[in-house]
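Model, not experiment: these values are computed from the prediction.
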Amino acid sequence: MKFEHLVQINDPVNPLGEILSREQLWQGLWHRVENPVAFLPGLESCQILERQESSLLRELDFGVAQIRDRVSFAVRQWLRFDVEAGATHAGGALTIRLEEPQPDALFLRFTYETTLREDGDHAEYVKSAYRESDLETVRLIRLLLAKGSLQ
């Protein structure tokens with residue numbers, strides 16, 4: 001299954017909405033890479049096993065399952081999470097792209113590639129869960145920024 005959707009970050013027609021800069025949004029996304037526990041329900045810890053110029057290898061400990069992923073990136077442009085297939089996970093990928101069609105009109109494009117079949121109610125449930133998770137990511141980034149937790 002391949003699934004893609006956009007999340008609007010700034011709404012220029014809403015004067016009450018807080019405008020995030022591309023840098024602030026990147027800081028929040030990078031925080032998700034370095035400190036993913038708050039972003040992934042059930043995650044107990046994350047260990048970074050390897051750092052390279054444009055990627056990280058991580059081990060995610062969910063208690064009953066340990067998952068490895070490689071996070072590749074282009075700073076302030078995109079992140080890609082490639083999850084290794086293993087005994088407890090079929091593998092897959094998530095790409096998050098920062099899009100700015102005009103100044104301050106920021107969007108995040110989430111693209112999922114999984115081994116799930118495209119048809120059936122299960123696929124719709126998974127797509128809905130992905131959307132909710134991505135909206136929660138943006139909510140958490142805004143909260144961390146408001147608290148001054150992101151540098």
Side-chain angles (χ1 to χ4, degrees), residues 1-14 17-43 46 48-62 65-146 150:
M1 174 178 78
K2 187 170 181 177
F3 172 64
E4 179 176 287
H5 72 105
L6 276 173
V7 173
Q8 184 175 11
I9 304 304
N10 297 330
D11 184 359
V13 298
N14 179 2
E18 183 181 347
I19 301 293
L20 297 184
S21 70
R22 188 180 196 97
E23 181 62 29
Q24 288 173 311
L25 187 55
W26 178 257
Q27 287 173 2
L29 290 171
W30 192 251
H31 188 78
R32 181 182 182 205
V33 170
E34 295 271 358
N35 304 291
V37 172
F39 293 89
L40 298 172
L43 181 62
C46 172
I48 297 176
L49 304 174
E50 172 186 296
R51 288 183 188 268
Q52 296 181 359
E53 186 175 325
S54 60
S55 70
L56 301 173
L57 179 63
R58 309 183 304 175
E59 186 168 84
L60 307 169
D61 181 3
F62 287 92
Q66 284 69 45
I67 295 172
R68 283 189 176 202
D69 70 0
R70 178 160 303 275
V71 182
S72 51
F73 58 91
V75 176
R76 289 186 269 318
Q77 295 178 38
W78 57 266
L79 295 163
R80 181 174 170 95
F81 302 83
D82 286 294
V83 180
E84 294 179 2
T88 58
H89 196 281
L94 164 62
T95 303
I96 305 173
R97 294 191 179 283
L98 286 82
E99 297 183 5
E100 193 171 10
Q102 59 189 22
D104 294 329
L106 278 173
F107 294 83
L108 289 178
R109 181 177 302 276
F110 294 85
T111 305
Y112 291 88
E113 299 168 46
T114 74
T115 57
L116 292 173
R117 289 187 3 203
E118 195 67 48
D119 58 343
D121 290 338
H122 183 70
E124 288 308 311
Y125 174 79
V126 170
K127 289 176 183 180
S128 177
Y130 285 157
R131 274 189 219 94
E132 290 304 312
S133 174
D134 299 338
L135 291 172
E136 181 65 9
T137 289
V138 173
R139 188 191 72 74
L140 284 171
I141 289 171
R142 288 186 178 281
L143 180 64
L144 290 167
L145 285 166
L150 298 178

- Evaluate the criterion side-chain contact (heavy atoms from CB on, under 4.5 Å) for residue pair Asp61 and Glu59; output intermediate values, then yes/no. CA-CA 6 Å; Asp61 181 3; Glu59 186 168 84; 6.0 Å; no

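- For the atom pair CD1 (Ile19) and CD1 (Ile9), the distance works out to 10.5 Å, reported to the nearest 0.5 Å.
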- Could you check Glu100 against Arg76 for salt bridge (charged side-chain N to carboxylate O under 4.0 Å, His left out), going step by step and ending with a plain yes or no? CA-CA 11 Å; Glu100 193 171 10; Arg76 289 186 269 318; over 6 Å; no

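- In this structure Glu53 satisfies the salt bridge (Lys or Arg N to Asp or Glu O under 4.0 Å) test with no other residue, sequence neighbours excluded.
- Nearest approach of Leu140 to Ala38, heavy atoms of both residues: CD1-O, 3.3 Å.
- Between Trp30 and the options Trp78, Phe73, Phe39, a ring-ring contact (aromatic ring centres under 6.0 Å, His included) holds for only Phe73.
- At least one donor-acceptor pair under 3.5 Å links the side chain of Asn10 to the backbone N or O of Leu20.
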- Kindly determine whether Val7 and Arg131 satisfy side-chain contact (heavy atoms from CB on, under 4.5 Å), including the steps that lead there. CA-CA 9 Å; Val7 173; Arg131 274 189 219 94; over 6 Å; no

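- Counting heavy atoms from C-beta outward, Leu79 and Arg32 have side chains that stay 4.5 Å or more apart.
- Side chains of Leu25 and Leu108 form a contact here, defined as non-hydrogen atoms less than 4.5 Å apart.
- Rounded to the nearest 0.5 Å, atoms CD (Gln77) and CD (Glu99) are 11.5 Å apart.
- Taken to the nearest 0.5 Å, the CG atom of Leu60 stands 10.5 Å off from the CZ atom of Arg68.
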- Output, in order, the C-alpha distance, side-chain angles, deciding distance and verdict of side-chain contact (heavy atoms from CB on, under 4.5 Å) for Asp69 and Asp82. CA-CA 5 Å; Asp69 70 0; Asp82 286 294; 5.9 Å; no

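- At distances below 3.5 Å, not a single donor-acceptor pair connects side-chain atoms of Arg58 with backbone N or O atoms of Val71.
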- Would you sort out whether Gln24 and Leu150 count as a side-chain contact (heavy atoms from CB on, under 4.5 Å), showing the intermediate values? CA-CA 8 Å; Gln24 288 173 311; Leu150 298 178; over 6 Å; no

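- A 4.5 Å side-chain heavy-atom check between Tyr130 and Phe110 finds every atom pair outside the cut-off.
- Taking 4.5 Å as the limit, some side-chain heavy atom of Met1 sits within range of a side-chain heavy atom of Lys127.
- The minimum heavy-atom distance between Trp26 and Ala74, with the atom names listed, is CH2-O, 3.7 Å.
- Leu106 and Arg22 make their closest contact through CD1-N, 3.6 Å (heavy atoms, listed as atom of the first residue, atom of the second, distance).
- Taking Glu50 as the reference, Gln52, Leu57, Arg70 meet the side-chain contact (heavy atoms from CB on, under 4.5 Å) condition, with sequence neighbours excluded.
- At a threshold of 4.5 Å between non-hydrogen side-chain atoms, the residues Leu6 and Gln8 do not count as touching.
- Using modelled atom types, one side-chain atom of Arg142 and one backbone atom of Glu18 make a donor-acceptor pair closer than 3.5 Å.
- A salt bridge between Glu113 and Arg80 is present, with a side-chain N of the basic residue lying under 4.0 Å from a carboxylate O of the acidic one.
- In this structure the side chain of His31 never reaches within 4.5 angstrom of the side chain of Ile141, judged on heavy atoms.
- Put simply, OH on Tyr112 and OG1 on Thr95 are 10.5 Å apart, with the number rounded to the nearest 0.5 Å.
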